[in-house]
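Computed over heavy atoms, backbone and side chain alike; hydrogens, waters and symmetry mates excluded. Remember, predicted model here, so these are calculated numbers, not experimental data.
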Amino acid sequence: MNKAMLKSEPPARGARFMVGRDSSGRWIVSDREGRIGGLFTDRASAVHFAMFESDHVPGAVCCVPEEVTLSLGPIFETPVKAPKAISTRMKIVGRA
């Protein structure tokens, strides 16, 4: 186990990243401000990402217990609206 990762509770000041599973069982990483995170295929990849993003600062990554369900937060759950199609009018000019 790496020094930058905690096994249970984050320190009093709080860990920057939480690693755990979402309600669908996928591995996720979520930062405390809801700005950085992602879905991962396995725990090792999720921890690697969180540790890299936190510059391996001790206590910056917390792996939550299995009974805790995480979410990526509202910024990741808001559907992105596609820009409206640009309407262009073309004038067809025939040969004279």
Check [X] against [Y] and note the closest heavy-atom contact, atom names and distance.
X	Y	value
Ala50	Val29	CB-CG1, 3.9 Å
Ala15	Arg32	O-NH1, 3.5 Å
Glu53	Arg16	O-NH1, 3.0 Å
Thr69	Ser23	CG2-N, 3.4 Å
Cys63	Val47	SG-CG2, 3.9 Å

- [ ] Anything under 30° is parallel, anything over 60° is perpendicular, the rest tilted; go ahead and classify Phe49 against Phe40.
- [x]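 Phe49 vs Phe40 ring planes: tilted.
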Open item on the list: Using side chain to side chain contact (heavy atoms under 4.5 Å, CB included), reason through Asp22 and Leu70 one step at a time and then give a plain yes or no.
Closed with: CA-CA 5 Å; Asp22 66 3; Leu70 296 179; 5.7 Å; no
Open item on the list: Measuring from atom CZ of Arg26 to atom CZ of Arg21, what distance do you get when rounded to the nearest 0.5 angstrom?
Closed with: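 Rounded to the nearest 0.5 Å, the CZ-CZ separation comes to 11.5 Å.
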Open item on the list: If I take atom CZ from residue Phe17 and atom OG from residue Ser30, how far apart are they, to the nearest 0.5 angstrom?
Closed with: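 Rounded to the nearest 0.5 Å, the CZ-OG separation comes to 9.0 Å.
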- [ ] Take Val64 and Val19 through the side chain to side chain contact (heavy atoms under 4.5 Å, CB included) test and state the conclusion after the steps.
- [x] CA-CA 6 Å; Val64 300; Val19 177; over 6 Å; no
Task: Partner set under side-chain hydrogen bond (donor to acceptor under 3.5 Å, both in side chains) for Asp42, not counting sequence neighbours - done: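 With neighbours one apart ignored, the set is Ser45.
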